[in-house]
Amino acid sequence: SQEELLARTRTMREEMERAAVASAEEQKRRLETETQSLRERIATAAADEVSALRKQLDENSTRLGKIESDQKVAQGIIRSYAASVCLLHVSVAFRHKESGQRLRYAGLNEKGELLQDSEGRPMFEMQGRGPEVRADVFGTGFLAAADGRILTNRHVVEPWWKDAELNAMGEEGFEAVIAEMRAYFPDSPRAYSVEIQKISPVTDLAVVQGDLSDLKRAVVQRDGRKEASSSGQAVVLMGYATGLDAILARAGEETVRN
């Protein structure tokens, strides 16, 4: 039921928040414990050991300072841009290559349930009177321009890209096609219809766009300089975890209700 789903997502949201805090705090506690231990050892160490222990102490202090600095930076980024990170729901249908008709369930029984064969499996027909057969895919997008462009992944907007299961439909004479694509932003229960604008032929990137004129959110700033990113730099990840409970936990209470 809806209330059960809401309860599960609240629990998941609380667990994720606790886990995020616990991870950072655990690192800090470990380093603080090591730092205190090093100070105690320095106080009683022989003269030839003090230099090495002081070096370890300095390294620990640097690492501790970096953790605290990274936490502040991450918190600032999340405060500024979390509301601009959307959940993308992509609905995939299956079209017959020759006739162009979409695969449908054979129909519904008197109880409104899908018609099944003798082994309890749903039955499919191109001429069926039931709903279209669809696969649901979820992904993350970032509001990248004020005109409603959203940066996402190619595997989100083309779920069949490098997906053996969806590509196997081709052997049955069907091809996967996008039936519907919607974006959901935190604290906004409305679903925004979006369409593919551009797909990279070489990398796992794509751009979709929709009418987001009534959505007032910060645009995630991009730095296109070559030196903007280098190996070893910290990365802040914002997105929607897999699994329905985790996805809805990040989507916000109103989105779940709607």
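Everything numeric in this text was worked out from a predicted model, so none of it was measured. Just so it is clear, the values below take in all heavy atoms, side chains as well, and ignore hydrogens, waters and symmetry mates.
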Q101 and Q127: side chain donor to acceptor below 3.5 Å
yes
Any Y184 side-chain heavy atom under 4.5 Å of C86 side chain:
no
Check D214 with R190, please: is the shortest side-chain N to carboxylate O separation under 4.0 Å?
yes
For a 4.5 angstrom cut-off between non-hydrogen side-chain atoms, does L115 reach L108?
no
Could you check if a side-chain atom of V208 sits within less than 4.5 angstrom of a side-chain atom of E195, using non-hydrogen atoms only?
no
Keeping K216 on the side-chain end and S213 on the backbone end, is there a donor-acceptor pair under 3.5 Å?
yes
Test: E227 and R225 ion pair at under 4.0 Å
yes
Using every non-hydrogen atom in the two residues, find where L88 and T140 come nearest and quote the distance to one decimal.
CD1-O, 4.1 Å
Check whether any side-chain heavy atom of E40 lies under 4.5 Å from a side-chain heavy atom of T44, and answer yes or no.
no
Run the side chain to side chain contact (heavy atoms under 4.5 Å, CB included) check on S193 and E180 step by step: do they pass?
CA-CA 8 Å; S193 294; E180 191 175 36; 5.6 Å; no
Could you give the distance from CG (L215) to CG (L212), rounded to the nearest 0.5 Å?
6.0 Å
Interatomic distance, L64 atom CG to E34 atom CD [nearest 0.5 angstrom]
10.5 Å
Is there a donor-acceptor pair under 3.5 Å between the side chain of S37 and the backbone N or O of T33?
no
So if you build clusters from Ile, Leu, Val, Met, Phe, Trp, Tyr with side-chain heavy-atom gaps below 4.5 Å, do W161 and F94 land together?
no
Atom pair OG1/CG of T35 and D58 - distance to nearest 0.5 Å
10.0 Å
Looking at R149, is its backbone amide N or carbonyl O close enough to the side chain of D147 to form a donor-acceptor pair, meaning the two atoms are under 3.5 Å apart?
yes
Group every Ile, Leu, Val, Met, Phe, Trp and Tyr by side-chain heavy-atom contacts under 4.5 Å, then state whether V137 and V177 land in the same group.
no
Return yes if some donor-acceptor pair links the side-chain N/O of N153 with the main-chain N/O of D204 below 3.5 Å, else return no.
yes
Could you tell me which non-hydrogen atom of I178 sits nearest to which non-hydrogen atom of P159, and how far apart they are?
CD1-CD, 4.0 Å
To the nearest 0.5 angstrom, please state how far the CZ atom of F174 sits from the OG atom of S99.
7.0 Å
With side chains defined as the heavy atoms from C-beta onward, is the minimum distance between Q209 and V194 less than 4.5 Å?
no
Would a distance-only check, ignoring hydrogens and angles, find a side-chain to backbone donor-acceptor pair under 3.5 Å from S84 to A218?
yes
Audit row: R134, E132, salt bridge (charged side-chain N to carboxylate O under 4.0 Å, His left out) steps and yes/no
CA-CA 6 Å; R134 291 189 180 185; E132 284 186 351; 3.1 Å; yes
Which pair of non-hydrogen atoms, one from A144 and one from R222, has the smallest distance, and what is that distance?
O-NH2, 3.5 Å
Please assess D211 against Y192 for the test side chain to side chain contact (heavy atoms under 4.5 Å, CB included), listing each intermediate value before the final yes or no.
CA-CA 7 Å; D211 181 5; Y192 293 89; over 6 Å; no
Evaluate whether atom NZ of K97 has more than 12 neighbouring non-hydrogen atoms of other residues, nucleotides or ligands under 6.0 angstrom away.
yes
Under a single-linkage definition using a 4.5 Å side-chain heavy-atom cutoff for Ile, Leu, Val, Met, Phe, Trp and Tyr, are V92 and M126 assigned to the same hydrophobic cluster?
yes
Heavy-atom count around R30 CZ within 6.0 Å, excluding the residue itself: above 12?
yes
More than 12 heavy atoms of other residues, nucleotides or ligands under 6.0 Å from CD of E32: yes or no?
yes
Please check if Y105 and M123 belong to a single hydrophobic cluster, counting links between Ile, Leu, Val, Met, Phe, Trp and Tyr side chain heavy atoms closer than 4.5 Å.
no
Would you say the side chain of R154 lies within less than 4.5 Å of the side chain of T203, judging by non-hydrogen atoms?
no
Where is the tightest heavy-atom contact between V157 and T152, given as atom of each residue plus distance?
CG1-CG2, 3.8 Å
Inter-residue atom distance L205.CG - H155.NE2, 0.5 Å rounding
10.5 Å
Steps toward side chain to side chain contact (heavy atoms under 4.5 Å, CB included) verdict (R104, V133):
CA-CA 5 Å; R104 309 184 74 89; V133 176; 5.5 Å; no
With a 4.5 Å cut-off on side-chain heavy atoms, are L53 and L57 touching?
no
Within 6.0 Å of CD in E113, more than 12 heavy atoms from elsewhere:
yes
Minimal non-hydrogen separation, A83 against P186, with atom names:
O-CD, 3.7 Å
Same cluster or not: V207 versus F142, using hydrophobic residues (I, L, V, M, F, W, Y) connected whenever any side-chain heavy atoms lie under 4.5 Å apart?
no
Distance-only, no hydrogens or angles: does the D117 side chain make a donor-acceptor pair with backbone N or O of P122 under 3.5 Å?
no
Interatomic distance, CG@L38 vs CD@Q56, rounded to 0.5 Å, equals 5.5 Å
For the pair L87 and H89, evaluate side chain to side chain contact (heavy atoms under 4.5 Å, CB included) and give the outcome as yes or no after the intermediate values.
CA-CA 7 Å; L87 167 68; H89 175 203; 5.5 Å; no
Do L103 and H96 come within less than 4.5 Å of each other through their side chains, counting heavy atoms only?
no
Is it true that atom CD of E110 has more than 12 heavy atoms of other residues, nucleotides or ligands lying nearer than 6.0 Å?
no
Measure from the side-chain N and O atoms of Q221 to the backbone N and O of V219, and report whether any donor-acceptor pair falls under 3.5 Å.
yes
Between L143 and F185, the two heavy atoms sitting closest are CB-CE2, 4.3 Å
